[in-house]
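Here's the structure we're looking at; comments come further down.
Protein chains get the first letters and strands the later ones, always in sequence-line order, with residue 1 at the start of each.
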2 protein chains.
Amino acid sequence: MASSVFLPHNHQHCVQDALRQADTYCEEQGVRLTPLRRRVLELIWEEHKPIGAYDLLARIASEGFNSAPPTVYRTLDFFIQHGLIHKVESLNAYIGCNHEQGSHTSVFFICQNCGVTEELQNPAIEGQLALQAAGMGFQINHPTLEIKGLCKACRHA
Amino acid sequence: MASSVFLPHNHQHCVQDALRQADTYCEEQGVRLTPLRRRVLELIWEEHKPIGAYDLLARIASEGFNSAPPTVYRTLDFFIQHGLIHKVESLNAYIGCNHEQGSHTSVFFICQNCGVTEELQNPAIEGQLALQAAGMGFQINHPTLEIKGLCKACRHA
DNA sequence: AAAATTTGCGTTACATTATAACCTAGCATT
DNA sequence: AATGCTAGGTTATAATGTAACGCAAATTTT
């Protein structure tokens with residue numbers, strides 16, 4: 001298990017997997033992956049970098065879709081609600097998720113140099129958070145764990 | 001060590017401590033805690049809740065200070081730079097910090113019901129993050145750890 | 001199939017958060 | 001006094017996000 005978005009990889013597979021997963025998920029849930037939604041998801045997955053709502057908007061607008069903000073925000077909301085993307089709060093940007101759907105605790109490692117961002121699940125971190133919360137009587141609903149820094153490649157360059 | 005901002009406490013002390021710490025820090029560093037800055041910091045510390053830039057702006061404007069956004073954003077930048085406040089990214093809001101100055105890793109527990117937010121340092125969490133990062137060859141520069149949920153009191157109410 | 005309902009999205013307008021750029025006044029050092 | 005530096009005034013605009021209304025296509029109900 002040496003796979004990481006920070007390493008060279010056949011990115012076609014990422015995109016294809018993501019879209020296939022989304023297809024399956026939407027069919028299971030009885031929700032529609034419309035042309036607009038499909039295209040937005042594809043654009044989000046184009047790189048392993050969070051993309052801003054207005055960047056997305058410009059892209060889809062240039063392809064003939066409607067160019068008003070609600071168009072893209074509605075689509076983003078849809079995907080967030082269904083766990084297919086996440087919002088990266090510290091960047092006001094959005095990134096695809098290929099982990100199990102439903103709520104899960106993820107840590108995002110964001111390279112400040114190249115922008116590449118990896119979502120990881122780490123039970124040890126999750127465990128320590130749960131422990132801390134339990135001690136306070138705090139009920140965790142939604143963790144935001146975003147780590148900015150330098151990926152291996154950028155650190156060595 | 002049962003102290004927590006989620007529990008009843010003499011809040012005067014929090015504010016006074018924060019301002020005294022800021023005074024000391026600014027003197028040591030040879031930077032100025034001007035009337036505007038002092039007042040902004042005081043307003044930020046008024047409650048243990050993150051406050052928005054424009055909320056702050058309205059408050060200081062009503063007290064005769066200039067009411068244009070740069071006024072408050074410059075002040076916020078100053079405090080962030082000097083580690084006297086933090087930005088809560090997931091709320092676009094700002095909160096006072098009474099931990100050691102200089103960069104430190106904090107976890108913010110944010111009650112979605114009452115808004116009260118506690119900043120904690122947790123070496124175990126920090127350690128697990130460092131471990132994960134080390135394994136990836138990732139250099140951590142700035143962690144954003146914000147946990148939304150319900151504090152003990154709100155959970156029981 | 002027709003009617004009713006829901007869903008997706010077009011559209012307009014606006015709200016919220018943040019920054020760029022330029023200028024002035026005061027203070028600090030020489 | 002002259003110089004440079006810092007704080008902040010001022011104008012304008014950028015970037016991000018939402019409310020509200022309407023219509024048309026898809027889905028469900030009758």
Consider the side chain of [X], meaning its heavy atoms from C-beta on, and name the nucleotide among [options] that approaches it most closely.
X: A:R32; options: D:dA7, D:dT10, D:dT27; value: D:dT27
X: B:Y73; options: C:dT17, D:dT11, D:dT18; value: C:dT17
X: B:A53; options: C:dC9, D:dT18, C:dA18; value: C:dA18

To the nearest angstrom, how far is [X] atom [atom1] from [N] atom [atom2]?
X: B:F78; N: D:dG8; atom1: CZ; atom2: C1'; answer: 13 Å
X: A:F65; N: C:dG10; atom1: CZ; atom2: C1'; answer: 13 Å
X: A:R74; N: C:dT6; atom1: CZ; atom2: C1'; answer: 15 Å
X: A:D55; N: D:dA14; atom1: CG; atom2: P; answer: 16 Å
X: A:H82; N: C:dT7; atom1: NE2; atom2: C1'; answer: 12 Å
X: A:L76; N: D:dT18; atom1: CG; atom2: C1'; answer: 13 Å
X: A:I80; N: D:dT16; atom1: CD1; atom2: P; answer: 15 Å
X: A:L57; N: D:dT18; atom1: CG; atom2: P; answer: 14 Å

(message) ring-ring contact (aromatic ring centres under 6.0 Å, His included) for B:H99 and B:H86? Distances and angles first, verdict last.
(response) CA-CA 11 Å; B:H99 294 231; B:H86 295 286; 7.6 Å; no

(message) When you compare the side chains of B:Q139 and B:N141, does any donor N or O come within less than 3.5 Å of an acceptor on the partner?
(response)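 There is such a pair between these side chains.
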
(request) Could you verify whether a donor N or O on one side chain and an acceptor N or O on the other, from B:T144 and A:E89, lie under 3.5 Å apart? (result)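 There is no such pair (donor and acceptor under 3.5 Å, judged by atom type) between the side chains of B:T144 and A:E89.
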
(request) For B:Y94 and for A:A68, locate the closest nucleotide of DNA chain C by heavy-atom distance; then report the residue assigned to the nucleotide nearer the 5' terminus. (result)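 The residue mapped nearer the 5' terminus is A:A68.
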
(request) May I ask you to evaluate whether B:K87 reaches the phosphate of C:dT17, defined as a side-chain N or O under 4.0 Å from OP1 or OP2? (result)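 It does not, given that no N or O in the side chain of B:K87 lies less than 4.0 Å from OP1 or OP2 of C:dT17.
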
(message) Just N and O in the side chain of B:T71: are any of them under 4.0 Å from OP1 or OP2 of D:dG9?
(response)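 True: B:T71 side-chain N/O within range (under 4.0 Å) of D:dG9 OP1/OP2.
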
(message) Closest-nucleotide mapping onto DNA chain D: is B:R37 or B:P69 further toward the 5' terminus? I mean the 5' end.
(response)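 With B:R37 and B:P69 compared, the 5'-side residue is B:R37.
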
(request) May I ask you to say what A:N92 touches in the nucleic acid, namely base, sugar-phosphate or nothing, with a heavy-atom cut-off under 4.0 Å? (result)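 Answer is sugar-phosphate: A:N92 comes under 4.0 Å of backbone atoms only.
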
(request) Please state whether the rings of B:F6 and A:F138 are parallel, tilted or perpendicular, taking 30° and 60° as the class boundaries. (result)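 Tilted.
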
(message) Would you say the base of C:dT16 stacks on B:Y54 (centre-to-centre below 5.5 Å, plane angle below 30°)?
(response)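 Here B:Y54 fails the 5.5 Å or the 30° condition.
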
(message) Ring of B:F78, cation from B:R37 - is the NZ or CZ under 6.0 Å from the centre and inside 45° of the axis?
(response)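 Yes, B:R37 and B:F78 form such a contact.
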
